[in-house]
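Presented below is the structure to which this report refers.
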Amino acid sequence: MKDYYAVLGVQRDASDAQIKKAYRALARELHPDVAGPDGEERFKEVAAAYDVLGHGEKRAQYDRGVDPRAASGSSGGPQGFGFEDIFETFFGGGQQRRGPASRVQRGGDTLVREDVTPEEAVFGVARTVQVDLADACPTCHGTCCAPGTQPQTCRQCNGSGSLQRVVRSLLGQVMTSTPCPACGGYGTTIAQPCSECSGHGRTHSRHSVAVDIPPGVETGTRIRIPGIGDAGIAGGPKGDLYVEIRQRDHDTFERHGDDLYCTLEVPMTAAALGTVLVIQTFDGPRDVDVRPGTHSGTTLKLKGLGVGRLQRAGRGDLLVHLDVQTPSDLTDEQETLLRQLAASRGEEMPEANLSPIGGGVFARIRDAFMGRG
Ligand SMILES: [Zn+2]
Ligand SMILES: [Zn+2]
């Protein structure tokens, strides 16, 4: 259990007045204006200690060996001496402003989506995208004021942007400041807004933006073009433009990372005898060397014909999957030739019963296959 007496630096038999006095002294010492942000943790401790010792009931409970803060799980008692309020006053107002706020703001980022073909993803492409963007108003140049006029010092806050308010607290009177409602905290008001932009300082128009789409982009890739987003507010810097890529599918080539895949149908005879087939790749026609005795499912690699690697040198590969076609439309003459081939290779179905499920079924399948059914 935390020693709250030690935190406040008082004896266990200290009077209420002594505890209050010790707390006030520490709170002043640890005030962020004095101690800076480093004092925050210490102040929390001190405030917690006072939350207990500063309340007769909680202090009695604590003296009996029960930490009421731990027990209740809350930091403030029902009667609330304003611990949270003071805390807010001290630290909650981390954004307490000094001086008026600036109207100047960076413009927002903009996202456009752009479709590319698989070929464009392989090699990259130069594109022009159309995008609606906010521009600095051509009439007021972002100042929001009608031509010839200027922002005027706010009468309510005299240009400070905030209103001071005195709050009574344990520490005596504490000054808090709130943004001035009349000027929104800017310290100035715009008496005559620009009519072109209705005082917003920006207009919108369609822009054509040249985008260099590099090789290797895929669906979801975002290309950032700095400084081509919305114009900033009141002359602030522009945001960025993001172009999000969506890659369309291809009829022949499937993409996996940097590699391309395709399936090439090879006649049974060509697979057996070997041949050279020509396929149309993104780099033009290329030979596919089918070796004699090629099995269905064989994959051939054409190195460097895949997708360009994004932001790296080199390209992936093109993988050609060979699908050997078994003929199903034989003429009588072709069938005879195939039977002769089978016979010369000794590939006629053996008569012996090789099937574990019985020769009868096997024989029937065989007969159907061999045309004796
Ligand atoms: Zn304007
Ligand atoms: Zn004001």
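Everything numeric here is computed off the predicted structure, so don't read it as measured data.
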Subject >> Verdict with reasoning, Val122 to Leu260, per side chain to side chain contact (heavy atoms under 4.5 Å, CB included) >> reply: CA-CA 9 Å; Val122 168; Leu260 293 172; 4.2 Å; yes
Subject >> Audit row: Val52, Lys2, side chain to side chain contact (heavy atoms under 4.5 Å, CB included) steps and yes/no >> reply: CA-CA 11 Å; Val52 174; Lys2 196 131 197 140; over 6 Å; no
**OP:** Might you work through the side chain to side chain contact (heavy atoms under 4.5 Å, CB included) test for Tyr50 and His55, ending with a clear yes or no?
**Re:** CA-CA 8 Å; Tyr50 184 72; His55 293 89; 5.5 Å; no
**OP:** Determine, stepwise, if the pair Thr221 / Glu244 fulfils side chain to side chain donor-acceptor pair (under 3.5 Å).
**Re:** CA-CA 6 Å; Thr221 302; Glu244 188 176 282; over 6 Å; no
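Between Asp259 and Leu318, the closest side-chain pair of non-hydrogen atoms is not below 4.5 Å. Between Lys58 and Arg69 there is no side-chain heavy-atom pair separated by less than 4.5 Å. When side chains are defined from C-beta on, Val7 counts as touching Val46, because their heavy atoms get closer than 4.5 Å. Between Arg339 and Thr336 there is no side-chain heavy-atom pair separated by less than 4.5 Å. Within the 4.5 Å cutoff, the side chain of Cys183 has heavy atoms near those of the Cys157 side chain.
Put simply, CD on Gln11 and OG on Ser15 are 11.5 Å apart, with the number rounded to the nearest 0.5 Å. To the nearest 0.5 angstrom, Leu26 atom CG is 6.0 Å from Arg42 atom CZ. Taken from CZ in Arg222 to CG in Asp109, the straight-line distance is 10.0 Å, to the nearest 0.5 Å. Residue Thr281 holds its OG1 atom at 9.5 Å from CD of Glu119, rounded to the nearest 0.5 Å. Going from atom CD1 of Ile233 over to atom NE2 of His200 covers 9.0 Å, rounded to the nearest 0.5 Å. The CD atom of Gln156 lies 4.5 Å from the SG atom of Cys180; values are rounded to the nearest 0.5 Å.
Listed here is the closest heavy atom pair of Thr128 and Ser208: CG2-CB, 3.7 Å. Closest approach of Ala14 and Val10 over heavy atoms only: CB-CB, 3.9 Å. Val66 approaches Pro68 most closely through the heavy-atom pair O-CD, 3.1 Å. Shown here for Pro100 and Gly159, the closest heavy-atom pair between the two residues is CG-O, 3.4 Å. Between Ala231 and Arg202, the closest heavy-atom pair is O-NH1, 2.6 Å. Across Ala22 and Leu8, no two heavy atoms sit closer than the pair CB-O, 3.6 Å.
Listed by chain and residue number, Gln247, His250, Phe282 satisfy the side-chain contact (heavy atoms from CB on, under 4.5 Å) test with Pro118 (two or more places apart in sequence, or in another chain). Residues that satisfy the side chain to side chain donor-acceptor pair (under 3.5 Å) test with Arg155, not counting sequence neighbours, are absent from this structure. Applying the side chain to side chain donor-acceptor pair (under 3.5 Å) test to Ser205 and every residue at least two apart in sequence or in another chain returns Asp135, His207. Partners of Arg12 under the side-chain contact (heavy atoms from CB on, under 4.5 Å) rule, at least two apart in sequence or in another chain, are Asp3, Tyr5, Tyr62, Asp63. For Gln334, the side chain to side chain donor-acceptor pair (under 3.5 Å) partners at least two apart in sequence or on another chain are Thr331. Contacts of Arg248 classified as side chain to side chain donor-acceptor pair (under 3.5 Å), with partners at least two apart in sequence or in another chain: none.
Under a hydrophobic clustering in which Ile, Leu, Val, Met, Phe, Trp and Tyr are joined whenever their side-chain heavy atoms come within less than 4.5 Å, directly or via other members, Leu163 and Tyr186 fall into different clusters. Leu322 and Leu319 sit in two unconnected hydrophobic clusters of ILVMFWY residues. Membership requires side-chain heavy atoms under 4.5 Å apart, directly or through other members.
Ion pair Arg291/Asp289 flagged as a salt bridge, since at least one NZ, NE, NH1 or NH2 atom sits closer than 4.0 Å to an Asp/Glu carboxylate oxygen. Arg59 and Asp16 are joined by a salt bridge, as a carboxylate oxygen and a charged side-chain nitrogen come within less than 4.0 angstrom of each other. The existence of a salt bridge linking Arg246 and Glu114 is excluded, since no basic side-chain nitrogen approaches an acidic carboxylate oxygen closer than 4.0 Å. Using a 4.0 Å cut-off between charged side-chain N and carboxylate O, Arg106 and Asp240 make a salt bridge.
Among Val320, Val324, Leu277, the one residue that satisfies the side chain to side chain contact (heavy atoms under 4.5 Å, CB included) test with Val290 is Leu277.
Other residues sharing a hydrophobic cluster with Ile190 under the 4.5 Å side-chain heavy-atom criterion for ILVMFWY residues do not exist; the residue is a singleton. Cluster partners of Tyr242, using a side-chain heavy-atom cutoff of under 4.5 Å among ILVMFWY residues and allowing indirect links, are Leu111. Think of Val125 as one node in a network of Ile, Leu, Val, Met, Phe, Trp and Tyr side chains linked at under 4.5 Å; its network also takes in Val112, Val116, Val129, Val131, Leu133, Val209, Val211, Ile213, Val217, Ile223, Ile225, Ile228, Leu241, Val243, Ile245, Leu310.
In terms of modelled atom types and a separation under 3.5 Å, the side chain of Ser102 and the main chain of Val104 share a donor-acceptor contact. With hydrogens and angles ignored, the 3.5 Å screen pairs a side-chain donor or acceptor of Ser160 with a backbone N or O of Ser162.
In Glu333, the CD atom is not crowded: 12 or fewer heavy atoms of neighbouring residues, nucleotides or ligands sit closer than 6.0 Å. Around CZ of Arg113, the count of heavy atoms belonging to other residues, nucleotides or ligands within 6.0 Å does not exceed 12.
Note on residues 297-317: pairs passing side chain to side chain donor-acceptor pair (under 3.5 Å), not counting sequence neighbours, are Asp258-Arg309, Asp283-Arg315.
With 3.5 Å as the limit, one finds a donor-acceptor pair spanning the side chains of Asp67 and Tyr4.
Here His256 and Tyr261 bring their ring centres to under 6.0 angstrom of each other.
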Can you give the donor-acceptor pairs under 3.5 Å from side chains of residues 136-147 to other protein atoms, not counting sequence neighbours?
{"residue": "Thr139", "atom": "OG1", "partner": "Glu196", "partner atom": "OE1", "Å": "2.5"}
{"residue": "Thr143", "atom": "OG1", "partner": "Cys140", "partner atom": "O", "Å": "2.9"}
{"residue": "Thr143", "atom": "OG1", "partner": "Cys145", "partner atom": "N", "Å": "3.4"}

Which pairs of donor and acceptor atoms, one on a side chain in residues 264-276, lie under 3.5 Å apart (sequence neighbours left out)?
none

